[in-house]
Amino acid sequence: MEYLGFLVDQAPTAQILVVLTFRPEFAPIWGNRAHVTQLSLNRLPRRLSIQIMKQVAGGKEIPEEVASQIATKSDGVPLFVEELTQMVIRAGLMHEVDGRFELTGPLPELAIPSTLQDSLTARLDQLSPVRESVQLEAVLGREFSYELIRAVSPLDEVDLTQHLDQLVNNEFLYQRGALPETIYIFKHALIQDAAYNSLLISRRQQYHQDVAQVLEQQFPEAIETQPELIAHHYTEAGFNQEAVNYWQQAGKIAMQRSANVEAVNHLTRGLELLNTQQDSRERAQQELTLQIAMGTTLLATKGFAAPEVELVLNRARDLCQQVGETPQNFPVLFGLYSYFIARGESQAARELVDQLERQANRQQDSAPILMAHRGLMTMHWSSGELNHAREHMEKTIAIYEPQKHLSLWPSSMVRTPGSADYPSELSFCGSSAIQTRH
């Protein structure tokens with residue numbers, strides 16, 4: 001320090017430029033000298049982070065998916081940007097094509113390089129009195145409220161507040177707002193990862209279980225507004241059935257908001273966990289509900305003729321056979337019919353629409369009958385059989401009652417007969433019957 005102070009003092013009269021970097025907690029003795037300019041170095045914006053990635057990659061462009069993960073993980077810290085980029089290149093996850101990098105396969109979740117992990121772990125070890133607090137906070141996520149950490153922490157309010165203040169002062173957390181409305185944010189995603197990964201698996205699962213149960217019992221609004229958060233904690237705790245129920249609820253809410261990409265993600269997580277359970281009629285029924293919802297969202301995100309739609313609906317048809325007599329069979333068959341119509345596979349579509357007509361005639365509900373006629377109308381129209389198409393169109397119009405059948409069309413979430421919870425058949429139906437009437 002004496003030497004650096006001497007060097008700084010000589011700068012005005014010598015042909016030298018002195019550049020020193022230090023952490024915010026350091027108090028330089030030369031800070032008030034007239035010839036010293038002090039700059040605060042903020043996080044790099046995404047644009048500059050991508051420039052560093054390109055330099056590390058020898059001037060070659062890297063895939064957007066890779067750049068996005070690196071930018072998120074590094075949180076604008078140049079060292080982290082460089083290390084993560086080098087790690088991806090060394091790991092052989094990309095190969096060069098025409099002067100740019102392309103992925104060699106699916107991109108896994110990027111891990112923290114060991115050098116950074118060791119550095120962050122060492123910083124955590126220096127705060128041993130609050131180590132357990134920061135580990136629990138890492139389980140809560142990148143951002144968490146004081147209200148939530150107070151509800152799950154075993155510490156009393158005084159000790160907890162002191163621990164949080166220490167973490168803020170030591171550059172682990174940002175603090176936004178005043179108590180008790182405070183929101184805390186990990187300054188780096190990597191710090192959260194390091195704290196989270198330092199937990200024993202058994203302790204980590206226990207924390208996730210505690211958080212999920214606290215959210216259920218003390219934050220009932222989370223069940224209605226953030227079921228995916230509770231689903232995440234139950235998933236990590238190993239409570240698969242509880243997690244499936246909440247992933248299903250999260251998918252439903254996302255569909256109601258037309259957040260179809262998010263809905264696909266939530267439903268996929270639910271289906272993955274459901275596959276770990278033993279076969280039973282109840283399990284098949286729950287998977288059937290998830291698959292029908294998945295079919296609806298794939299129609300919106302992939303289109304009626306997408307191969308993914310056929311895979312989901314064929315699985316749903318198999319599940320209908322396992323479950324037995326169920327009103328959900330009709331929407332599944334109609335979805336498959338719509339798929340084959342969209343692909344121009346007339347014979348397969350004709351066989352399905354005949355099944356739909358027979359099944360509709362056995363039901364008392366006018367909605368399946370209406371949709372069977374609509375399917376027959378479309379079938380005959382696409383085959384050039386216009387007289388038959390007109391006959392079924394007129395029957396469709398005769399049955400249709402705006403107030404009764406309004407919820408059948410794609411602008412609404414349609415219900416399976418007998419259920420108030422799930423999208424029904426006519427989410428699979430394509431263009432609305434109002435177009436049919438016109």
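These numbers come from the heavy atoms of this one structure, side chains and all, not from hydrogens, waters or symmetry mates. In this text the structure is predicted, and so the values were computed from the model without any measurement.
Between the side chains of Q241 and N245, at least one donor-acceptor pair of N or O atoms lies under 3.5 Å. Side chains of T301 and N260: a donor-acceptor N/O pair is absent below 3.5 angstrom, by distance only. Counted by atom type alone, Q135 and S198 present one or more donor-acceptor pairs between their side chains at under 3.5 Å. Using a 3.5 Å distance cut-off with no hydrogens or angles, the side chains of Q205 and E236 do not pair a donor with an acceptor.
Classification of the Y146-Y184 ring pair by plane angle, with boundaries at 30° and 60°, yields tilted.
Applying the ring-ring contact (aromatic ring centres under 6.0 Å, His included) test to residues at least two apart or on different chains, the pairs with a partner in residues 234-293 are Y234-F239, W247-H266. Counting only residues at least two apart or on different chains, no salt bridge (charged side-chain N to carboxylate O under 4.0 Å, His left out) pair has a member in residues 213-229. Pairs engaging residues 149-163 under the salt bridge (charged side-chain N to carboxylate O under 4.0 Å, His left out) rule: R150-E157 [sequence neighbours left out]. Judged as a salt bridge (charged side-chain N to carboxylate O under 4.0 Å, His left out), the pairs with a partner in residues 263-287 (not counting sequence neighbours) are, in order, R283-E287, E287-R315.
In this structure, CZ on F101 lies 10.5 Å from OG1 on T85, to the nearest 0.5 angstrom. In this structure, CD1 on I89 lies 8.0 Å from NZ on K60, to the nearest 0.5 angstrom.
Electrostatic pairing of E310 and R343 does not count as a salt bridge here, judged by no charged N lying under 4.0 Å from a carboxylate O.
With T326 contributing its side chain and C320 its backbone, the two residues share no donor-acceptor pair below 3.5 Å.
The shortest distance between side-chain heavy atoms of V168 and Y174 does not fall below 4.5 Å.
Partners of T378 under the side chain to side chain contact (heavy atoms under 4.5 Å, CB included) rule, at least two apart in sequence or in another chain, are Y337, I341, R374. By the side chain to side chain contact (heavy atoms under 4.5 Å, CB included) test, K54 is found to be paired with E61, residues two or more places apart in sequence or in another chain being considered.
Residues F304 and Y339 place their aromatic rings such that the two centres sit no closer than 6.0 Å. Between H373 and Y400, the ring center distance fails the sub-6.0 Å criterion.
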| query | Could you walk me through whether E308 and M294 pass the side-chain contact (heavy atoms from CB on, under 4.5 Å) check? | reply | CA-CA 10 Å; E308 295 92 335; M294 180 68 83; over 6 Å; no
